[in-house]
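Below: one structure, written as structure tokens.
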4 protein chains.
Amino acid sequence: MWHGRFSTPTADLLLRYSESISFDWRLWRHDIEGSIAHSAALEAAGLITHAEREQIVAGLREIGAEIEAGKFEFKVELEDIHMNIERELTRRIGDAGAKLHTARSRNDQVALDLRLFLRAECDAISVLVRDLQRSLVTLGDANRSVIIPGYTHLQRAQPVFFAHHLLAYVEMLDRDAGRIADARKRLNVLPLGSGAIAGSTIVLDRELVARLLDFPAVTQNSMDAVSDRDFAVEVLAALALIAVHLSRLSEDVILWCSAEFGFVTLSDAYTTGSSLMPQKKNPDAAELTRGKAGRVVGAVVSLLTTLKGLPLTYNRDMQEDKEPVFNAVDTVKAMLEVIAGMLREARVNAAACAAAVSDPMLLATDLADYLVRRGVPFRQAHEHVGRAVALCAEHLCSLPEIALPDYQAISPAFAADLYEVFDLSRAMSARKAIGAPSPENIAAQLTRWRTLLGAA
Amino acid sequence: MWHGRFSTPTADLLLRYSESISFDWRLWRHDIEGSIAHSAALEAAGLITHAEREQIVAGLREIGAEIEAGKFEFKVELEDIHMNIERELTRRIGDAGAKLHTARSRNDQVALDLRLFLRAECDAISVLVRDLQRSLVTLGDANRSVIIPGYTHLQRAQPVFFAHHLLAYVEMLDRDAGRIADARKRLNVLPLGSGAIAGSTIVLDRELVARLLDFPAVTQNSMDAVSDRDFAVEVLAALALIAVHLSRLSEDVILWCSAEFGFVTLSDAYTTGSSLMPQKKNPDAAELTRGKAGRVVGAVVSLLTTLKGLPLTYNRDMQEDKEPVFNAVDTVKAMLEVIAGMLREARVNAAACAAAVSDPMLLATDLADYLVRRGVPFRQAHEHVGRAVALCAEHLCSLPEIALPDYQAISPAFAADLYEVFDLSRAMSARKAIGAPSPENIAAQLTRWRTLLGAA
Amino acid sequence: MWHGRFSTPTADLLLRYSESISFDWRLWRHDIEGSIAHSAALEAAGLITHAEREQIVAGLREIGAEIEAGKFEFKVELEDIHMNIERELTRRIGDAGAKLHTARSRNDQVALDLRLFLRAECDAISVLVRDLQRSLVTLGDANRSVIIPGYTHLQRAQPVFFAHHLLAYVEMLDRDAGRIADARKRLNVLPLGSGAIAGSTIVLDRELVARLLDFPAVTQNSMDAVSDRDFAVEVLAALALIAVHLSRLSEDVILWCSAEFGFVTLSDAYTTGSSLMPQKKNPDAAELTRGKAGRVVGAVVSLLTTLKGLPLTYNRDMQEDKEPVFNAVDTVKAMLEVIAGMLREARVNAAACAAAVSDPMLLATDLADYLVRRGVPFRQAHEHVGRAVALCAEHLCSLPEIALPDYQAISPAFAADLYEVFDLSRAMSARKAIGAPSPENIAAQLTRWRTLLGAA
Amino acid sequence: MWHGRFSTPTADLLLRYSESISFDWRLWRHDIEGSIAHSAALEAAGLITHAEREQIVAGLREIGAEIEAGKFEFKVELEDIHMNIERELTRRIGDAGAKLHTARSRNDQVALDLRLFLRAECDAISVLVRDLQRSLVTLGDANRSVIIPGYTHLQRAQPVFFAHHLLAYVEMLDRDAGRIADARKRLNVLPLGSGAIAGSTIVLDRELVARLLDFPAVTQNSMDAVSDRDFAVEVLAALALIAVHLSRLSEDVILWCSAEFGFVTLSDAYTTGSSLMPQKKNPDAAELTRGKAGRVVGAVVSLLTTLKGLPLTYNRDMQEDKEPVFNAVDTVKAMLEVIAGMLREARVNAAACAAAVSDPMLLATDLADYLVRRGVPFRQAHEHVGRAVALCAEHLCSLPEIALPDYQAISPAFAADLYEVFDLSRAMSARKAIGAPSPENIAAQLTRWRTLLGAA
């Protein structure tokens, strides 16, 4: 297809090294879709007849059907998906096929295919993000009265509703969906018609092609269009952040499933055992998800490093874009799906949660707030309660067990009603500010998200 | 400030390890701004009097003025910018200062400060992106008749206007500006009022604070608000892509400045010499810019790796967010500024460009297009011209030097008018499709960008 | 120093962008050391007199003393440490100073300085690695009878000595020391004398210089010598792995310090409190260490990405080597020191450990081994014990609580002596293979390491 | 194989997510090798009979032969290579197969398999590194009289032999081989016998296994042995540096093949054409190699990020080690092979090299050295020659074209013999120091390497 000027054939070694058909065959649907639209422009420009266009479209559809059915034989010596399809088309329909590549290069063709692929995947990922949000909301809703210790530094900090903890991830995923939507918006521009680098002396109607392929805009600079992989980097960066979010959620789940925390039990269906230790039931879904974050971060690095320092325009280095993109897309989709499934079958151990949250130290800050309400500047209130905590450590007791006189020895601002602070239910109700975990806020947030997500 | 429950002081080793004042002092302006707004909410909630608030505001402004003047002494034992300012405020104004930290934690405070910092930096970076676009447009405009070889695979491909090459970067930078704007939009949400993790039993008006700090929205989940560094990752990812774009532009400039290409001469002001070799004039600005892309990619990796696998909510690991953010922001700003400056003083060598672009091989595709217009299917036309190229290689001649009969021996579709193809001016004019480098398109693009950018 | 051919001065913008004195001043000691050795070669070649050499050496020593005392003023317009020192030397001693740069370039000079720096730092890091190993051994030794659950998948797996867990890190650190030693060996080669790229027409005795600077070898290719940053990458990669090891140890410590695990209490000196929550005592040293792993991984990426695709030989991009190297070296040294300090003051909670390890599920595998010893193929033994575990889950009991007939209903191979399996002390003693945690093995390992490390 | 305690089967979603057989089937040979050795220890311990061992060995060899012949059917529901082989073995030979997993876990088994795999790959990579060195030496030798400009900052710096440039890469690759050898040394330790985490109550002779598998040592801590992936990280880091070296060599080749440099012509067999532009002959092998460096850097990041912050001991995250390792190993092997092949068929264009190196500016430093030999301190000599260079720029002439009086107006130290400096052959001969490119040095280096590498 390009050997006119060459006298010796490509070395086998190079052929195997440079072929991309072993992975870019995945783009077949988009490649065909793009060629069908391109043929419309060729017809409109009078470069092919209507009959030729019909031959092309029918031939491509036939090839597409065979690929879908697993009956199409891809050939490594044809290098990539573009040549595999074009060559087979020409074998079937003759000259009309040989005309298809007019005013087109693989450079703009692959840019098109990859954009079409990522546009579809952005949509698929958004659906999965929403599904996972739904799982989180449902699990939170089903356990809406469960309170657990909230942790900072993995030390017990303050009590929070279990649902509040889950809703934090719903917020993160919402930003993820926003980033995916923004990336989709920016990649939704037609590059086809840019040729190899400088368009063509044969002028096609790019806006017609854009309309057919549902692109709201066309690229404005042919050199940029064939050099640009921004859209892939941007999607990968958004995926890396999703992966990091899921790694954090996984860490939480792994902790909760430990014998020591015991807040959550995963179903047998979402855990695995040990080949050696008969008692083991391991949260593999969560561990693998945490681990796979490394892979997605690696994918961003791969592509950024590959692109770094490349002169304009297309360089073959850029063929290295597809594998990290495919890998990261597949990985993140699976991560989202598995975590959603795992959560749907998870069981919350209310008793273990209740035991953990009964730790009165979780309300030490509330005690400081009590002093503030009685006029003590916060910084001193903090210091006073800190001294009460030290007393507990010394006497191996808990804050409600310190006697009033001992409190008053620390600060005269303490009064008998201080012990009311340790009423957990009251403590939760007091957290009314926007974003804080009062029962009313949690209920409202669950409702808001159920509505937004259309959860049953 | 938190030693109430502690009996021994912090080890010096840990103090030096954990302090952040040596780098987070940069946030002072935002920290003060945030505290002033927070004090408004404290007053509104009746937790401080109006007079106390005035003391706080005046005290903070005084401290701010001293920091700005370089007269404020930061103390490592006060750990961070928040405590350095709060402690000094309390030293100056007493109890009112000790009340400032009511219903606030350093967790939501630092989240606020970093968002304010990045919001301002996003704006500053956008300005610099536009400045660089302006430099590119101006340089292109000043050399709008210069044609150079366009390269793919660093092999001469097709002729393009020098301005077209520069405009490719203008397009890239436009997407960069879009990403920065989207990141800014997503980070522009008030986290303050989330407390350490679970809000507070002391309820403040967060929307008042948001209005004062010009945030259009407030965070809806306190646990998310103190755990979230998405905004930093998103900005870093956008910066990494800017850095990669600039590394590519730098590579082009380095090539153009080589003795072998010779298309561009940089000014003495933007080059440096060698300590050993007296003749050297090196494009250091471009090389450093290309090199600094590594640093910015490293910054994204640092933060993603740090965040990976952290359980909710705040963990001290997250203090590691600031240095990569500061470093990447400073680096990318300097890169943008230096490249813009370098281009403003660059000189295009029209003669060298003309010599390079006179290579008729650059029009081999046009010759194939010629055959297409005479009815030859493109794939065969490509093959025919490929054979003509092989003939050139064999006879060490150029395409226009092949005699007509030799062309016709390859394909009877060649006719005497084939030689018109090698008229460069005609060849450029033919590239009329959207995005292609016809003179009219280039002029239109230069005008479009001059207008959008408000360049003189 | 290189402006002979330049007519306009360097732009301020470029000067600030390209200067390295703000960070490479750290190399002053090595730069002086290298120049003193170089001057010996100049004298040996007759290029300077003995008196001139004495002037140079005295001048450099004087400058060194001033830098050390903080009295030397570095100038940005002199760009880097090399020029700052050379220029000042010449200002002081005149012509002899102006002769120093004969047959030398900053390219080979900086390669030398950075190697000298890293050679010294490799030694310093090795000492710190050994110190941390010593802390681990000491802590293990002091708690040598403490048994804890060993975890896989953060699920309780089998009992191990606490010391065994710590000794796992001693092994990791030993490999780290090995990698540092190998990197040191490979970087310990003199590059000076390679000039800018092609040596010099003035021939110096490089082996003399190597002897003076204690290098066992000299580089054999001048182009490689000035292009090579392998040694920096190799050290960074070794540091990244140290950092990852410490992040894992930190994670373990953070878990152990949680209320839920409670195996370890850190001293007040190595923890910090909360600005808001008076009860908090956070393992910040461990968290920061875990977080800093991201920074060191980022440093490797930065340098690899910077070097990727650079043509030979020296390119200014390579100036970007120093900051990641300095940052990673400082970071890892601090990490090692802080973790060693933290462990030296950590206290093991024997009761909490004993409670956790009393879980009989930890010996489920031993029960399967019991069946194996009674002739049951392991895969069936595993299945049988698995069924006993399921029985426990159903009846909410523990393995020793299942009655013999119930065991025998699962497999007739169970006999009355099965309950002896649950004797923890016996279970530990049985783990005698090399590397397994029998008390004898642990004692032997502690002794081995104490001897190797020279710990008291 | 571990379902004893489970009541519901694994979810399909999790099965597909957690299976590794789709990629770890590659370890089959090592898995079988390891099992054969393990069975020897079982026999030695009296846990299986000699006849059982023979059954096991024969069964495993049969399975191995079927896998090699592509006739073995791997089953996803058996998760990994270990279970696929063990289960099939037991299906074939019954109880003896069910005994094989005694005192072994998949945790130590996979650690063994991966070490065996990497040990073999280290050897294979070393061979390829040496092959590439041989290609470089051969190409250098065949063109040993060719001189080209050496570049710093991609500006012409000083003349060097083309062979000298190639030998720089030979040096880099030598260090690469050293790193691979060191990594191999450190990974060459037997982990088998560590069980899941704590060895086993069934004691096997690990040193027997080590001898059978040719390991000079056994791991000394069972927890470390199952948690450790240092060996994989170390190999990946070494591969990343090889990849970066090859990216630099590729960049050089791409430059040399450009129309502008023209120093080298690649064979048709190692280049490819364009689907659109008939004249193109692109150095794809070099471009892909440069691009693939990104992939290998990404692999290091993936694994480091995955390991970061994992608690001891085995966590399922670690399953994410294999794909980056396989991918990086395959990639770097292909890179080495393709570049060696490409160089073997490359042709040096002596005329283009001679034209480029005739630029007298390349000898400006020699002219400064001339002044030094006439007693001018180097720093002044540099300044004088710099002024001569400026004169050239002004008068558009070259250094040898400046008349003697004009030189003497700059410095009286110039004399009539200055013009001899511009004799290139003399200039090369003068570069005699170790590592510098005198013809004698180059010849000696070529000989040294030919001998070391055993090249014909």
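Computed from a predicted model, the values in this text were never measured in an experiment.
Chain D forms more heavy-atom pairs under 4.5 Å with one residue of A/Glu337, A/Met318, A/Lys281, A/Gln279 than with any other, namely A/Lys281. In terms of non-hydrogen atom pairs under 4.5 Å with chain A, the most contact-rich of D/Met342, D/Met335, D/His82, D/Glu251 is D/Met335. With chain A as the partner, the residue from D/Lys292, D/Met277, D/His101 showing the most heavy-atom pairs under 4.5 Å is D/Lys292. Note: A/Arg104 leads A/Arg16, A/Glu79, A/Arg104 in heavy-atom pairs under 4.5 Å with chain D. Listed options D/Ala11, D/Ser275, D/Ala299, D/Ala286 were ranked by heavy-atom pairs under 4.5 angstrom with chain A; first place goes to D/Ser275. Contacts with chain A were tallied for D/Lys280, D/Lys308, D/Met83; D/Lys280 has the most, counting heavy-atom pairs under 4.5 Å. Interface check for chain D: of the options A/Val301, A/Val300, A/Asn315, A/Val338, the most heavy-atom pairs under 4.5 Å are formed by A/Val338. Comparing A/Val296, A/Thr305, A/Leu14 by heavy-atom pairs within less than 4.5 Å of chain D, the highest count is held by A/Leu14.
Evaluation of the ring pair (Phe, Tyr, Trp, His ring centres under 6.0 Å) test over residues 294-327 of chain D, restricted to residues two or more places apart or in two chains, returns C/His153-D/Tyr314, D/Phe117-D/Phe326.
The contact between D/Gln319 and chain A is made entirely by side chain atoms (from C-beta outward), counting heavy-atom distances below 4.5 Å. Only the side chain of D/Leu310 comes within contact range of chain A, with heavy atoms under 4.5 Å apart. For A/Glu323, the part lying under 4.5 angstrom from a heavy atom of chain D is the side chain only. Within the 4.5 angstrom heavy-atom criterion, atoms from both the backbone and the side chain of D/Thr289 approach chain A. Residue contact with chain A, scored on non-hydrogen atoms closer than 4.5 Å, involves the backbone of D/Ser274 exclusively. With a 4.5 angstrom heavy-atom cutoff, D/Glu345 does not touch chain A via any of its atoms. With a 4.5 angstrom heavy-atom cutoff, D/Thr271 touches chain A via backbone and side-chain atoms both. Of the atoms belonging to D/Pro324, not a single heavy atom falls under 4.5 Å from chain A. For D/Glu320, the part sitting under 4.5 Å from any heavy atom of chain A is the side chain, from C-beta outward, and nothing else.
No side-chain heavy atom of D/Leu78 sits less than 4.5 Å from a side-chain heavy atom of D/Glu88.
Between D/His38 and D/Leu204, the shortest heavy-atom distance links the atoms CE1-CD1, 3.3 Å.
For the pairing with A/Arg106, the salt bridge (charged side-chain N to carboxylate O under 4.0 Å, His left out) check across A/Asp31, A/Asp80, A/Asp24 returns one residue only, A/Asp80.
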